Q: 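I have a structure here, written as structure tokens, and I will follow up with some questions on it.
Predicted model only: the values in this text are computed from it and were never measured. Here is the naming used below: chain letters follow the sequence lines, and residue numbers restart at 1 for every chain.
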2 protein chains.
Amino acid sequence: MAAPKIDAVDVKLLALLQRSADRHLAELAEAVGLSQTPCWRRVQRLRQDGVITANVALLDRAKINLGVTVFVSIRTNVHTPAWFERFKATIDLIPEVVEFYRMSGDVDYMLRVVVPDIAAYDRVYKRLIQDTQLSDVNSSFAMEQLKYTTALPLSYVG
Amino acid sequence: MAAPKIDAVDVKLLALLQRSADRHLAELAEAVGLSQTPCWRRVQRLRQDGVITANVALLDRAKINLGVTVFVSIRTNVHTPAWFERFKATIDLIPEVVEFYRMSGDVDYMLRVVVPDIAAYDRVYKRLIQDTQLSDVNSSFAMEQLKYTTALPLSYVG
DNA sequence: GGTGAAATGGCCGCCGT
DNA sequence: ACGGCGGCCATTTCACC
């Protein structure tokens, strides 16, 4: 089912877990007003239903030498499925590209790229335009990341 | 210290943990070729040094009714610190804004917003322009999210 | 949902290398 | 800095109400 039932207690659980998932089951259960077993069962169900897709560690970009974020707007004049498949496959193999969207409007695709410096970005850029035919590529550099969260708004559930 | 020493084994640990952090310590240890105690100590140290900032659950956007992603490019002609503080405070209070950058180039700020539909985006948009003075706001809608990962490239460490 | 309890596994000392 | 042992405690996962 595409829309598993998610009630108010589930929303509370999701809100907590998407902030920090390494809580003890005891405090999670207490926070939502359940005892441990049913609380644990709900979390299991949310995982099985695919609402919770993964449990990951978030790293400090600065501490692993990734101070620079670049947004790349891409236009192309080739619009065949074959071209797209190759383009997507290329992007998937570039770990510096952390986000990739197909856009509406004047830009066809948008990327978010993280790199240590401009020189490293240039290498990613060359790899991009070498493997695929792009008619127009526009790079915008972020000076500062003011907000970044993996916590999604939960007010629209249900 | 801004740059804690991170060796090849730490990189392996980080690579595994940023893919899935809910592994048993035993398999983590085996994967990096250590026994459990030193492996556990390394993970603790990476947390304490702030390399690992959090451990979070990732949710399926579609399953919580957030199918639409919007990139918002913002220009302003007010550049005082007071204006900026208010702008940032406003953004921080909008959970639909999941990313927020100060840019170089012709755009001053860039947001990524997640919402269920265009109508919901319009409400976020109104909230934005109501609370702050923005001279130019351009919204670009994503049709499809082709890649999204919280796993950062680890090839630049050290 | 709740309870209780058994099995598992993680935590964190100590000590040897 | 790694490995191993060991005891304590948290969590998981039963069977049952």
Q: Measure from the side chain of B:L25, starting at C-beta and using heavy atoms only, and say which of C:dG1, D:dG3, C:dG10 lies closest.
A: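 In terms of side-chain proximity for B:L25, the closest of C:dG1, D:dG3, C:dG10 is C:dG10.
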Q: If the plane angle is over 60° it's perpendicular, under 30° parallel, otherwise tilted; pick one for B:W83 and B:Y109.
A: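 Geometry flag for B:Y109 against B:W83: tilted rings.
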Q: Salt bridge or not between A:D10 and A:R42? Use side-chain N to carboxylate O under 4.0 Å.
A: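 Yes.
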Q: Cut-off 3.5 Å, side chains only: do B:S139 and B:Y121 have a donor facing an acceptor?
A: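 A donor-acceptor contact under 3.5 Å links the two side chains.
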Q: Examine the base of C:dG1 for any acceptor or donor lying under 3.5 Å from a partner atom in the side chain of A:R42, and report the outcome as yes or no.
A: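 There is none.
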Q: Check each residue of residues 9-21 of chain A for a non-hydrogen atom within less than 4.0 Å of any atom in DNA chain D, then write out the ones that pass by number, or none.
A: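 When residues 9-21 of chain A is checked for heavy atoms under 4.0 Å from DNA chain D, there are no hits whatsoever.
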Q: Specify the residue among A:H24 and A:R41 whose closest nucleotide of DNA chain D lies further upstream toward the 5′ end.
A: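 Here A:H24 is the residue nearer the 5' end.
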Q: Without decimals, in angstroms, what is the distance between A:E27 CD and D:dT11 P?
A: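 In whole Å, D:dT11 P and A:E27 CD are 8 Å from each other.
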Q: Between A:W40 and B:R45, who's closer to the 5' end of DNA chain D by nearest nucleotide?
A: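 Result: B:R45.
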Q: Out of D:dT11, C:dG4, D:dG4, which has the shortest distance to the side chain of B:T37?
A: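 Taking heavy atoms from C-beta onward, the closest nucleotide is D:dG4.
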Q: If you measure from the Lys or Arg side-chain nitrogens to the Asp or Glu carboxylate oxygens, is any gap between B:K126 and B:D122 under 4.0 Å?
A: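 The answer is yes: the pair qualifies as a salt bridge.
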Q: For A:Q36 and D:dT12, what is the distance between atoms CD and P respectively, to the nearest whole Å?
A: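 So the CD-P distance, A:Q36 to D:dT12, works out to 9 Å.
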Q: Is the shortest side-chain N to carboxylate O distance from A:D131 to A:R127 below 4.0 Å?
A: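 Salt bridge: no.
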Q: With the side chain of B:P38 defined as its heavy atoms from C-beta on, choose the nearest nucleotide among D:dC2, D:dT11, D:dG4.
A: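 Nearest to the side-chain atoms of B:P38, counting from C-beta on, is D:dC2.
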Q: What is the distance, to the nearest angstrom, from the CG atom on B:L46 to the C1' atom on D:dA1?
A: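 In whole Å, D:dA1 C1' lies 15 Å from B:L46 CG.
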Q: Rounded off to whole Å, could you give me the CD-to-C1' distance for the B:E30 and D:dG3 pair?
A: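 Roughly 16 Å, once rounded to whole Å.
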Q: Quick one: do B:E99 and A:R112 make a salt bridge, cutoff under 4.0 Å?
A: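 So B:E99 pairs with A:R112 through a salt bridge.
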